[in-house]
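Notes follow the structure.
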Protein chains: 2
Amino acid sequence: MKGAATHIVDDDPAVRDALQWLLRSRDVPSQTWDSAERFLAFASRDVCGCLLLDVRMPGMSGIELFDRLRALQCRLPVIFLTGHGDVPMAVQALKDGAFDFIEKPYDDNLLVDKVLAAIEHDAKRCARDGAIQLLQQRLALLTQREHEVMQRILAGKLNKVIADELDIAMRTVEVHRSHIFEKMQVRSAVELSQALGMLGDAPNSRSGS
Amino acid sequence: MKGAATHIVDDDPAVRDALQWLLRSRDVPSQTWDSAERFLAFASRDVCGCLLLDVRMPGMSGIELFDRLRALQCRLPVIFLTGHGDVPMAVQALKDGAFDFIEKPYDDNLLVDKVLAAIEHDAKRCARDGAIQLLQQRLALLTQREHEVMQRILAGKLNKVIADELDIAMRTVEVHRSHIFEKMQVRSAVELSQALGMLGDAPNSRSGS
DNA sequence: TTGCCTATTGTGGTTTTCCGCAGAGAGCCG
DNA sequence: CGGCTCTCTGCGGAAAACCACAATAGGCAA
């Protein structure tokens with residue numbers, strides 16, 4: 001993972017420095033960016049940590065950066081900072097998956113707590129994302145035929161039934177089956193089912209603070 | 001399910017009537033309550049639909065009602081209505097799982113859209129909750145020993161291994177196994193694994209509007 | 001052309017699962 | 001005490017899964 005830290009995006013140098021100083025005083029590593037554009041150029045799918053993001057900035061706004069990041073599959077938890085936030089904006093941001101929305105002036109301790117919560121949340125997300133990527137890499141190894149067989153295995157069908165449906169010999173199904181287990185690195189249909197179970201889980205949830 | 005409709009909770013009769021009239025004009029059935037206490041007395045785990053809730057009311061506030069409902073396992077999606085909402089309150093409500101947070105004066109079309117979205121969201125939730133309850137009822141039928149065996153089946157262990165671990169004969173494991181499948185109404189370990197898979201899923205997620 | 005991957009099938013045998021039949025001991029309740 | 005449930009076990013057989021060895025055939029790339 002690239003950049004497992006707190007990223008501070010604000011156009012005001014004084015605010016950036018204050019936030020960085022605050023976080024450093026609590027041993028939270030951080031990195032600052034003076035514009036949404038700069039951070040967007042850096043961001044990628046596998047950034048970990050969290051993002052402290054000012055809403056109003058010249059050029060790209062915090063909200064727009066947030067939308068762009070989501071479009072890029074970047075799931076970094078975002079804590080918005082704003083001096084003039086209105087309720088609809090905050091509601092929309094949270095419904096779109098923002099981690100928090102804080103009005104300035106902020107309380108130092110509260111902000112740090114939220115940052116820590118976001119980082120902890122993201123650590124879990126990163127771990128889960130890693131597992132999912134690994135799974136998908138393995139899935140990509142399967143041939144078309146193996147996919148067809150796997151679907152039917154997960155449907156709980158017997159080899160005999162699968163063979164009938166695909167109009168091939170039972171022996172062939174057995175071969176595919178063993179290849180599937182080998183490529184997916186599982187040793188039974190149960191393990192396979194459990195491994196693939198996490199792929200369908202809602203990737204959009206937050207824990208209450 | 002009890003009361004699959006939109007529940008309007010507001011102390012102001014004029015607001016209640018206006019909301020009910022608006023919803024009725026769009027063929028959305030609704031029911032009104034003049035205080036948080038009244039609705040709380042009515043609410044239960046299996047209410048379906050959605051809740052249009054005023055924040056400021058004499059006696060119990062909307063926020064408090066919301067907390068109480070959550071404590072009672074009532075997962076009804078809540079749309080807060082407020083004339084004087086502040087950002088922190090909205091943020092906290094949403095992080096606690098509120099469906100939406102709208103400031104008065106509201107736009108009629110927008111509000112109806114949100115209500116419909118909440119109802120649709122809740123229909124899915126109710127369906128899933130029903131499935132989960134059914135599963136848990138079936139799980140409750142299992143004896144202690146059967147639970148122990150089931151765990152090990154889900155761990156992908158062979159009957160032989162399970163027998164060793166529990167220090168019983170393989171035949172006994174087979175008997176337990178068949179009882180488990182019968183009680184859980186599945187026909188294979190894969191189906192069992194998939195059925196129980198939904199129990200662990202995050203019960204806290206909203207779809208972006 | 002040769003080599004590799006994919007898909008296919010067969011033979012024969014072992015292991016595992018699943019099931020019916022049959023029975024035993026412990027604990028609980030009317 | 002007589003049912004009832006839960007737990008445990010054995011026997012024997014059918015069905016299914018699993019596996020090693022062996023082979024055919026098409027497609028594709030070095």
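We name chains A, B, ... by the order of the sequence lines, and we start the count at 1 in each one.
Close to dA17(D), at under 4.0 Å from its OP1 or OP2, lies a side-chain N or O of N159(A). Between dT7(D) and T143(B), a contact under 4.0 Å exists linking OP1 or OP2 to a side-chain N or O. Between H176(A) and dT8(C) there is a side-chain N or O to OP1 or OP2 distance below 4.0 Å. Neither OP1 nor OP2 of dT15(C) sits under 4.0 Å from any side-chain N or O of K160(B).
Once rounded to the nearest 0.5 Å, the distance linking CD1 of I168(A) with CZ of R145(A) reads 5.0 Å.
If you measure from atom CZ of R187(A) to atom P of dC18(D), you get 12 Å, rounded to the nearest angstrom. Residue M150(B) contributes atom CE, which lies 16 Å from atom P of dC6(D) at whole-angstrom precision. Regarding L166(B), its CG atom lies at a distance of 17 Å from the P atom of dC6(D), rounded to whole Å. Rounded to an integer number of Å, the gap from CD of E174(B) to C1' of dA14(D) is 13 Å. Spacing between atom CG of D164(B) and atom C1' of dT16(C) amounts to 14 Å, rounded to whole angstrom units. Atom-to-atom, NE2 of H179(B) to P of dC19(C) comes out at 11 Å; the value is rounded to the nearest Å. If you take CD of Q144(B) and C1' of dC6(D), they are 12 Å apart, rounded to a whole angstrom. M170(B) has its CE atom 9 Å from the C1' atom of dT15(C), to the nearest Å.
Salt bridge status for R70(B) with D67(B): absent, with no side-chain N to carboxylate O gap under 4.0 Å. Salt-bridge formation is detected for the pair D100(A)/K95(B): a Lys NZ or Arg NE/NH1/NH2 atom is positioned less than 4.0 Å from an Asp or Glu carboxylate oxygen. We find that R177(B) and E174(B) are not joined by a salt bridge, their nearest charged nitrogen and carboxylate oxygen being 4.0 Å or further apart.
Of all nucleotides listed (dC8(D), dT8(C), dC18(C)), dC18(C) comes nearest to the side chain of F181(B). Distance from the side chain of A169(A) is smallest for dT9(C) among the nucleotides dT8(C), dT9(C), dC8(D). Comparing dA16(D), dT8(C), dT16(C) by their nearest atom to the side chain of V175(A) picks out dT8(C).
A distance-only check finds no donor-acceptor pair linking the side chain of E191(A) to the backbone of F181(A) [under 3.5 Å].
Nucleic acid contact class of T172(B) (heavy atoms, under 4.0 Å, all strands): base. Heavy atoms of R171(A) sit under 4.0 angstrom from at least one base atom.
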